[in-house]
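Naming: A, B, ... by sequence-line order, numbering from 1 per chain.
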Amino acid sequence: MSVLVYIENIDGHFKKSGLETLSYAKAVADQTGQPVAALSIGNVDRDTLETIGTYGIPKVIRVDKEQLKQFVNQAYATVIADVAKHVGAQTVVLSNSFSGKALAPRVAAKLHAALADGASSLPAIEGDVWQIRKTVFSSKAIAVEELTARTKVIALMPNTVEPSEAPTAVQIEDYEPNIEDTDFSTIVKDIVRATDKVALPDAEIVVSAGRGLKGPENWKIVEELAEVLGAATACSKPVSDAGWRPHAEHVGQTGLAISPKLYIAIGISGAIQHLAGVSSSKTIVVINKDPEAPFFKVADYGIVGDAFEIVPKLTEALKAYKNH
Amino acid sequence: MKILVCISNVPDTTSKITFTDNNTAFNAAGVQYIINPYDEIALSKAVELAEGGKGTVTVIHVGEASSEPTIRKALAIGADEAVRVDAVPRDAWFVANQIAQYVKSQQFDMILTGRESIDYNGSKVQGYLAELLRLPSVSIAKKITVEGDTAVIEREIEGGKEVVSATLPVVVGTAEGVAEPKIPNMRGIMAARTKPLTVIQPVEVDSLSRISAYETPTPRGAVKLIDKDDISQLVALLHTEAKVI
Ligand SMILES: Cc1cc2nc3c(=O)[nH]c(=O)nc-3n(C[C@H](O)[C@H](O)[C@H](O)COP(=O)(O)OP(=O)(O)OC[C@H]3O[C@@H](n4cnc5c(N)ncnc54)[C@H](O)[C@@H]3O)c2cc1C
Ligand SMILES: Nc1ncnc2c1ncn2[C@@H]1O[C@H](COP(=O)(O)O)[C@@H](O)[C@H]1O
């Protein structure tokens with residue numbers, strides 16, 4: 001028995017959320033006294049693969065085939081399940097990223113495994129029964145999911161564990177998976193990625209703004225603040241509905257749910273549907289001119305005042321802090 | 001084109017969420033149920049694709065008779081017929097198996113689900129279903145167009161989008177942007193009363209996991225207000241106290 005962790009790459013690079021899954025898998029392996037191996041699919045160079053050792057994982061299975069150059073969830077799920085059998089894994093860990101969400105149920109169905117989606121805690125283990133926490137009802141509650149099946153698939157919520165280093169040497173094994181042509185019935189035509197910006201789903205810091213900003217022409221102050229913090233930008237629903245910002249930036253009940261370390265909300269009232277997507281952020285800062293805005297009730301820090309005056313000042317103060 | 005839309009019944013977004021039986025069961029008392037917002041988008045898209053005699057739309061729901069108002073609303077929005085699997089939707093694995101069982105007895109070109117249900121936020125049914133049916137799937141779809149037997153779908157990826165083409169039949173999980181939610185009109189509401197609603201019996205499914213308890217998130221302490229003329233204090237607190245910068 002062992003633990004297998006699938007580490008996603010984008011154009012040959014590992015994301016932070018991937019490194020988090022490595023640390024998580026290592027911790028689960030330590031908890032259960034099992035060996036742990038990582039699986040990498042696609043073209044990742046040797047130096048990058050070796051960084052996996054930094055997180056205490058001594059073995060990498062590399063599956064690098066032309067056919068798998070692009071992400072096809074059916075085929076990737078087949079590979080993950082196949083490798084799980086190959087290494088005798090009864091636990092598979094992956095990230096609850098957009099791709100991970102598509103993969104996890106497929107892998108679980110193939111292995112007839114229990115699935116902990118959006119896992120936000122390490123398992124509490126009692127024999128074959130593992131308990132793992134996740135947020136439900138749009139962050140209004142936490143559920144304790146009890147995995148009773150022997151085989152388990154865990155999709156780890158990004159930003160819930162910090163990658164921790166425990167360096168070890170890495171052995172790389174090339175593996176030829178059993179895949180079929182029928183696994184490739186979707187074809188990727190095009191990928192458009194804004195490369196110069198921090199991706200919102202796994203950003204550690206997010207600067208978000210709402211209707212209080214009055215119009216799209218005023219987003220410069222938001223972007224400048226985001227830039228000095230190395231943050232991603234987000235917005236409330238009416239803002240993206242009005243076309244002030246792209247839909248991909250919309251957070252909340254009907255948008256993206258995020259849990260960054262720091263969420264800064266500017267000119268957003270804090271409606272319950274908005275909070276649904278952001279309330280599991282570690283620290284929340286609210287800037288709003290209305291002291292009665294509901295957002296202040298769930299914030300850690302607040303500034304009551306005009307965003308157009310406060311945001312540039314905050315940017316300046318942060319610049320000064322970074323420079324000293 | 002035959003389209004199936006999977007509909008779940010969820011507490012209205014503004015519902016107060018509480019639990020009973022020593023925090024082991026969701027307290028449904030006084031909760032207003034609605035169609036899962038993403039399923040409403042999926043259904044609106046399905047109706048759009050089928051318009052003008054180009055296809056038919058079936059909705060399926062796994063749930064008890066108490067969710068029939070939700071099914072009637074789906075018919076009022078424009079589905080042609082509905083199927084209800086008469087069972088408590090125990091979990092996503094159970095639900096997906098019920099839907100898969102029904103789909104195997106039919107021929108659908110496209111099966112739509114929401115990207116996730118807003119109660120358990122699982123994003124599981126879609127992937128399970130696709131795997132059980134051995135069909136291709138695309139999740140978090142932002143745009144769907146169909147040309148002959150091919151669907152071209154834009155899906156959201158970290159920091160961007162990916163355009164995927166799939167040969168029908170395909171399973172798609174829809175997100176915001178796929179369609180504007182359709183509001184039922186009077187004619188739709190009247191027609192919904194007489195549209196066919198078939199009730200079928202569930203199949204047995206083994207249990208792989210269960211929710212054993214619920215917890216309420218620890219409330220944040222009171223907000224610390226910072227004077228707008230002393231912003232460097234916020235920077236200091238974020239560094240020394242919150243330790244996030
Ligand atoms: C089914 C459903 C789903 C929904 N899903 C979402 C969702 O996913 N995400 C989402 O965000 N919303 C969602 N909503 C909408 C939500 O209810 C709110 O309407 C929305 O979040 C409000 O956006 P806002 O805070 O930007 O705007 P407003 O509510 O208009 O608030 C603007 C705020 O800016 C402040 N302000 C104004 N001027 C200034 C200034 N100069 N300086 C500082 N502050 C200023 C005001 O005091 C106010 O608090 C949903 C609604 C429904 C019914
Ligand atoms: N009880 C149900 N009956 C029919 N479809 C459902 C049910 N529950 C969930 N679904 C579908 O599965 C999608 C994803 O749900 P989930 O996996 O629970 O997040 C929903 O958007 C629905 O389309």
### Query
Where do A:Asp183 and A:Thr78 land on the side-chain hydrogen bond (donor to acceptor under 3.5 Å, both in side chains) test, with the steps shown first?
CA-CA 8 Å; A:Asp183 283 329; A:Thr78 299; 3.1 Å; yes

Option that, when pairs with chain A are counted at under 4.5 Å, heavy atom only, ranks first among [options]:
{"options": "B:Lys124, B:Lys243, B:Arg115", "answer": "B:Lys124"}
{"options": "B:Ala236, B:Ser15, B:Ser212", "answer": "B:Ser212"}
{"options": "B:Ser139, B:Gly122, B:Ser232", "answer": "B:Gly122"}
{"options": "B:Leu237, B:Leu225, B:Leu208", "answer": "B:Leu208"}
{"options": "B:Ala96, B:Ala213, B:Ala166, B:Gly160", "answer": "B:Ala213"}

When heavy-atom pairs shorter than 4.5 Å are enumerated against chain B, which of [options] gives the highest number?
{"options": "A:Val304, A:Val144, A:Val72, A:Val286", "answer": "A:Val144"}
{"options": "A:Ala116, A:Ser99, A:Ser185, A:Ala317", "answer": "A:Ser185"}
{"options": "A:Ile303, A:Asp300, A:Val188", "answer": "A:Asp300"}
{"options": "A:Ile272, A:Thr135, A:Thr254, A:Asp306", "answer": "A:Thr254"}
{"options": "A:Gly230, A:Ala320, A:Ser281, A:Ala271", "answer": "A:Ser281"}
{"options": "A:Lys313, A:Lys322, A:Lys189", "answer": "A:Lys189"}

### Summary
Contacts of B:Ala141 meeting side-chain contact (heavy atoms from CB on, under 4.5 Å) (sequence neighbours excluded), chain-then-number -> B:Ile144, B:Ile153, B:Val172, B:Val178

### Message
Under the rule for side-chain contact (heavy atoms from CB on, under 4.5 Å), what residues qualify as partners of A:Val129, not counting sequence neighbours?
### Response
A:Glu146, A:Thr148

Under 4.5 Å from a heavy atom of chain A, the part of [X] involved:
{"X": "B:Glu154", "result": "neither"}
{"X": "B:Tyr38", "result": "side chain"}
{"X": "B:Pro11", "result": "side chain"}
{"X": "B:Arg134", "result": "both"}
{"X": "B:Arg210", "result": "both"}
{"X": "B:Pro37", "result": "side chain"}
{"X": "B:Ala242", "result": "both"}
{"X": "B:Ile118", "result": "both"}
{"X": "B:Asp206", "result": "side chain"}
{"X": "B:Leu234", "result": "side chain"}
{"X": "B:Val235", "result": "side chain"}

### Query
Looking at B:Lys228 and A:Glu309, does any basic side-chain N land under 4.0 Å from a carboxylate oxygen?
yes

### Query
Should B:Glu131 and A:Lys110 count as an ion pair when the cut-off is N to O under 4.0 Å?
yes

### Task
Tabulate, in ascending numerical order, the residues of residues 1-10 of chain B having at least one heavy atom closer than 4.5 Å to a heavy atom of chain A, or enter 'none'.
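The residues closer than 4.5 Å to chain A amount to none at all.
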
Taking side chain as C-beta onward, heavy atoms only, is [X] less than 4.5 Å from [Y]?
{"X": "B:His61", "Y": "B:Val85", "result": "no"}
{"X": "A:Pro246", "Y": "A:Ser240", "result": "no"}
{"X": "B:Ile245", "Y": "A:Leu318", "result": "yes"}

#### Entry: Closest non-hydrogen atom pair between B:Ala42 and B:Thr113, with its separation
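Looking at all heavy atoms of both residues, the closest pair is CB-O, 4.0 Å.
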
### Summary
Note: A:Lys140 and B:Thr14 closest approach over all heavy atoms is NZ-C, 4.3 Å

#### Entry: Interatomic distance, B:Asp91 atom CG to A:Glu145 atom CD [nearest 0.5 angstrom]
8.0 Å

### Message
Looking only at the aromatic ring of each residue, does the gap between the centers of A:Tyr76 and A:Phe71 stay below 6.0 angstrom?
### Response
yes

### Query
Between A:His324 and A:Tyr321, how do the two ring planes meet: parallel, tilted or perpendicular, split at 30° and 60°?
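A:His324 and A:Tyr321: perpendicular rings.
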
### Task
Only pairs at least two apart or in different chains count here, so list each salt bridge (Lys or Arg N to Asp or Glu O under 4.0 Å) that has a residue in residues 13-28 of chain B.
none

### Query
Would B:Asp119 and B:Ser117 count as having a side-chain donor-acceptor pair, cut-off 3.5 Å?
yes

### Task
For A:Lys152 and A:Asp128, indicate whether the former's side chain and the latter's backbone hold a donor-acceptor pair under 3.5 Å.
yes

